[in-house]
Amino acid sequence: MECRTYSVEDVAKILGISTKSVYDMAQRRVIHRLPNVPKVKFAQKEIDALCGIKDEFNAHNFRLIKNENEQLKDENQRLKDLIKKATAELLLMSSAIIE
């Protein structure tokens, strides 16, 4: 199971700051400690959001990706059909030249 929390050290590394700065941010409530968990932990979503990391794995984004995939499949089929048509025309032209 994927860990959905970050430790103080994790947050410091992600943000490129010292662990003391992470504790300061928590004290000023810039970031929020998770209650009722051992040690000091932070929600992965909160830290990722602070960094501007979007969570692509949600229902809305899944639908967007699925729709984009369908559009790309359709485009791919149209391109295949165009290539077949162009190939057939080239074969006809080359056979006409040979005769």
Side-chain angles (χ1 to χ4, degrees):
M1 184 173 185
E2 179 185 353
C3 181
R4 297 173 193 252
T5 62
Y6 287 134
S7 67
V8 172
E9 292 77 18
D10 294 333
V11 174
K13 191 177 203 179
I14 291 166
L15 298 178
I17 59 177
S18 68
T19 55
K20 182 182 180 320
S21 295
V22 173
Y23 285 113
D24 290 343
M25 290 175 73
Q27 187 174 4
R28 290 179 293 145
R29 299 189 191 275
V30 175
I31 55 178
H32 303 89
R33 291 177 58 168
L34 292 175
N36 306 321
V37 294
K39 299 185 180 182
V40 178
K41 296 286 186 175
F42 301 94
Q44 178 184 1
K45 283 192 175 205
E46 179 181 14
I47 302 306
D48 289 351
L50 185 66
C51 297
I53 299 172
K54 292 183 179 179
D55 181 11
E56 357 183 305
F57 304 107
N58 60 44
H60 175 71
N61 286 338
F62 176 78
R63 285 191 299 273
L64 290 176
I65 290 169
K66 189 174 179 182
N67 288 337
E68 181 182 9
N69 187 40
E70 290 301 319
Q71 290 173 352
L72 290 171
K73 283 181 182 178
D74 292 342
E75 181 182 7
N76 190 30
Q77 187 59 51
R78 282 192 305 274
L79 292 171
K80 284 181 179 180
D81 292 341
L82 285 172
I83 290 170
K84 284 180 186 176
K85 183 179 176 184
T87 303
E89 289 174 1
L90 284 172
L91 286 172
L92 284 174
M93 288 185 341
S94 65
S95 66
I97 293 172
I98 293 173
E99 294 175 357

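Note: hydrogens, waters and symmetry copies are ignored here, and every other heavy atom, side chains too, is used. Since this is a predicted model, take the numbers as computed values, not measurements.
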message = To check you understand the geometry: which heavy-atom pair defines the closest contact between K39 and R33, and what is its length?
response = O-NH2, 4.3 Å

ask   = Closest heavy-atom contact between S21 and I17?
value = CB-CD1, 3.8 Å

Salt bridge (charged side-chain N to carboxylate O under 4.0 Å, His left out) pairs, two or more places apart, involving residues 14-29 = K20-D24

key: Passing option when T19 is tested against V40, V8, V11 for side-chain contact (heavy atoms from CB on, under 4.5 Å)   = V8

To the closest 0.5 Å, what do you measure between [atom1] ([X]) and [atom2] ([Y])?
X: E9; Y: I14; atom1: CD; atom2: CD1; answer: 11.5 Å
X: K80; Y: E75; atom1: NZ; atom2: CD; answer: 12.5 Å
X: E46; Y: C51; atom1: CD; atom2: SG; answer: 10.5 Å
X: L64; Y: N69; atom1: CG; atom2: CG; answer: 12.5 Å

Taking the side chain as every heavy atom from C-beta outward, state whether [X] and [Y] have any pair of such atoms under 4.5 Å apart.
X: L15; Y: L50; answer: yes
X: N76; Y: L72; answer: no
X: F42; Y: D10; answer: no

key: More than 12 heavy atoms of other groups within 6.0 Å of Q27 CD   = no

Pair Q71-N67, side-chain donor/acceptor within less than 3.5 Å = no

ask   = Please walk me through it: do L34 and T5 pass side-chain contact (heavy atoms from CB on, under 4.5 Å)?
value = CA-CA 9 Å; L34 292 175; T5 62; 3.4 Å; yes

ask   = Mind checking who shares a hydrophobic cluster with I98, ILVMFWY linked at side-chain heavy-atom distances under 4.5 Å?
value = none

Cluster companions of L92 among Ile, Leu, Val, Met, Phe, Trp, Tyr (side-chain spacing under 4.5 Å) = none

query = Taking NZ, NE, NH1 and NH2 as the nitrogens, is one of them in K73 or E70 under 4.0 Å from a carboxylate oxygen of the other?
reply =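 Salt bridge: yes.
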
